[in-house]
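The block underneath contains the structure these notes are about, expressed in C-alpha cells.
Quick note on labels: first sequence line is chain A, next is B, and so on, each numbered from 1. What you see below is based on every heavy atom in this structure, not just the backbone, and it leaves out hydrogens, waters and symmetry mates. Being a predicted model, the structure only gives us computed values, none of them experimental.
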There are 2 protein chains.
Amino acid sequence: MGRWEPNARGRLAEAALELYVERGYEETTVAEIAKRAGLTERTFFRHFAHKREVLFAGVGELHDTLTAAVVAAPADAPPIDAVAAALDAAAGMFDGHHERARQRQAVITANPELQERELMKLASLAAALAEALRQRGVAEPAASLAAEAGIAVFKVTFERWINQPDRGELRDIAHFSRESLDALKAVTAGC
Amino acid sequence: MGRWEPNARGRLAEAALELYVERGYEETTVAEIAKRAGLTERTFFRHFAHKREVLFAGVGELHDTLTAAVVAAPADAPPIDAVAAALDAAAGMFDGHHERARQRQAVITANPELQERELMKLASLAAALAEALRQRGVAEPAASLAAEAGIAVFKVTFERWINQPDRGELRDIAHFSRESLDALKAVTAGC
DNA sequence: ACGAGTGATGTCAGTTCCTGTCATCACCCT
DNA sequence: AGGGTGATGACAGGAACTGACATCACTCGT
C-alpha cells in the first residue's frame with residue numbers, strides 16, 4: 001500500500017489551514033492549497049468533498065466520544081447527568097490543543113460559510129446525543145431537549161475556553177463546563 | 001418608481017420555491033429560476049446574494065419580532081419568561097401558513113447546504129435574543145444560555161408543529177411551544 | 001523475475017455559481 | 001423635450017466542483 005509522498009490528506013489539511021490563516025478563507029484558492037501540498041486541485045477534491053471540509057475532519061471522533069460516554073453513564077443517571085458526562089469526555093479531546101483550536105476557530109469566526117458548517121457539526125452532535133439518550137429510554141421531547149441543552153452548554157463552554165484572557169495559567173475546559181451547566185440549570189429553574 | 005413587470009423579487013422567490021419542490025434544490029439551476037420568472041440570471045443575483053438566500057428572505061422580521069417581545073416583557077419577569085413570550089410572538093407569524101411552511105421545510109430538510117443555512121438563521125436569532133436579554137440586565141453566561149435554550153425549544157416546537165399527524169384539526173404552535181418549554185424545565189431541573 | 005492488478009494521482013474538459021463592467025431601457029422630474 | 005435615476009440585459013470571466021480517462025508506484029501471484 002505504499003505510494004508517492006506519504007500522507008497526502010494530512011499535507012492538504014495543513015496547507016489549507018496555513019493559507020486560510022495567512023490570507024483568509026475566501027481569498028484562498030483550492031489550486032493554491034494543492035500546489036503548496038505538492039498535489040493537484042483534483043486530488044484535493046478526492047480527499048475533501050468541499051473546500052470547507054478540510055477544517056472539519058475530526059468530527060467523527062467527537063461524535064463517537066459523546067455517544068460512548070452517554071452509553072457508559074450509569075443506567076440510573078438522569079439524562080442531564082449523562083449529557084454532562086459526555087461533554088466532559090469530549091472536552092478532554094481539546095485539552096493541550098488550545099492554540100491550534102484558537103487558530104481554527106478564528107478562521108471559522110471570520111467566515112459565515114464556515115460558521116454555518118460549524119453549526120451543522122454541532123447539530124449533528126446534538127442528534128447523536130439525542131439518539132444515545134433515546135436508547136437509554138429517555139422519551140421525546142425530553143431526549144432532544146436535553147441534547148440541545150447540552151450542546152448549548154458545550155458551545156458556551158468552548159467559546160469561553162477559547163477566549164479566556166491570555167494572562168495567567170490557562171483554565172481547563174472542565175472549569176468552564178461546570179460553570180456553564182450550573183448557569184443553565186439556574187436559568188431554567190422554575191421551582 | 002415604476003418599471004417593468006412588477007415585483008421581480010417576488011416572482012423570483014416564487015419560481016425558485018416551485019422549482020426546488022418540483023425537481024430538487026441541487027438540480028435546479030439559477031438560470032432556470034430566472035427564466036421561469038421572466039428575468040435574467042444576473043438579475044437573480046441582484047436580488048439574492050446566493051442561490052439559497054431565496055428561501056431565507058423573511059428572517060429579518062422574525063428577528064425584529066423576537067427582540068421587540070423581549071423588550072416588551074415586564075421588567076421583573078425572569079429571563080426564561082421573557083424568552084417564552086418572544087417565542088409566542090414569533091410563533092404567531094406562522095399560524096395560518098402551515099402548508100407553505102411545510103413545503104419550505106421539506107426542501108430544506110432534503111439538502112444539507114440548506115440545513116446549514118437554517119441553523120445559521122437560528123443561531124442569529126439566538127444571538128439577537130441574548131443581546132435583548134443583556135439589555136434587560138441579564139448577565140453572561142445566563143443570557144446566552146437562556147437564549148440558546150429558547151431557540152432549542154423553538155426548534156423542537158416548530159418541528160413538532162410541522163410534522164404533526166395530518167388527521168384531525170391542526171393544533172396551533174402555542175400548544176407545542178408550551179409543551180416543549182415544560183419538557184425543558186423538567187429535564188434541567190436539578191432540584 | 002515478471003506481468004497483471006490495484007489504488008492513488010494527474011490531465012483535461014465541462015457545468016454551475018457568482019461577480020464585474022458596461023450598455024440599455026422605462027420612468028421621473030424639471 | 002431632455003437629462004437623471006434605478007432596474008435590467010448582455011457579456012466575459014474566475015473559482016468551485018465533477019466526470020472520464022490516462023498514468024504512475026507499488027503489490028502479489030506465478
Checklist outcome for this item: From CD of B/E26 across to P of D/dT18 the rounded distance in Å is 9 Å
Checklist entry - Over how many whole Å does the gap from B/E41 atom CD to C/dC18 atom P extend? => result 9 Å
Next on the checklist: Donor-acceptor check, side chain of A/R11 to backbone of A/A37, threshold 3.5 angstrom: yes or no?
Outcome noted: yes
Item to check | Given C/dC17, C/dT9, D/dA16, the nucleotide with the shortest approach to the side chain of A/K51 | outcome: D/dA16
Checklist entry - Nearest-Å distance, CZ (B/F45) to P (C/dC17)? => result 6 Å
Item to check | Interatomic distance where CZ belongs to A/R11 and C1' belongs to C/dT9 [whole Å] | outcome: 11 Å
Checklist entry - D/dA7 C1' sits how many Å from B/H47 NE2, rounded? => result 7 Å
Item to check | Verdict with supporting geometry, B/F56 and B/E118, side-chain contact (heavy atoms from CB on, under 4.5 Å) | outcome: CA-CA 8 Å; B/F56 297 90; B/E118 171 90 343; 3.3 Å; yes
Item to check | Nearest-Å distance for atom pair CZ/P, residues A/R52 and D/dA15 | outcome: 18 Å
Item to check | A/F44 six-ring face occupied by A/K51 cation (under 6.0 Å, within 45°) | outcome: no
Checklist entry - With respect to the side chain of A/L39, which nucleotide from C/dT9, C/dC17, D/dA16 is positioned closest? => result C/dT9
Checklist entry - Are any of A/H50's side-chain N or O atoms less than 4.0 Å away from OP1 or OP2 of D/dA16? => result no
Checklist entry - So does B/R46 reach the base of D/dG6 with its side chain, donor to acceptor, closer than 3.5 Å? => result no
Next on the checklist: Mind checking if A/A31 touches a base, just sugar-phosphate, or nothing, with heavy atoms under 4.0 Å?
Outcome noted: nothing
Checklist entry - Is a donor on one side and an acceptor on the other found under 3.5 Å between the side chain of B/R136 and the backbone of B/P74? => result yes
Checklist entry - What is the distance, rounded to the nearest whole Å, between atom CZ of A/F48 and atom P of D/dT18? => result 14 Å
Checklist entry - Roughly how many Å is it from CZ in B/F44 to P in D/dA7, rounded to a whole number? => result 17 Å
Item to check | Verdict with supporting geometry, B/F176 and B/F158, ring pair (Phe, Tyr, Trp, His ring centres under 6.0 Å) | outcome: CA-CA 8 Å; B/F176 297 101; B/F158 193 74; over 10 Å; no
Next on the checklist: Base, sugar-phosphate or nothing for A/T40? Non-hydrogen atoms, less than 4.0 Å.
Outcome noted: base
Next on the checklist: Taking only side-chain N and O atoms of B/T29, does any of them lie within less than 4.0 angstrom of OP1 or OP2 on C/dC17?
Outcome noted: yes
Checklist entry - A/T43 has a side chain; which of C/dT9, C/dC12, C/dT21 sits nearest to it? => result C/dT9
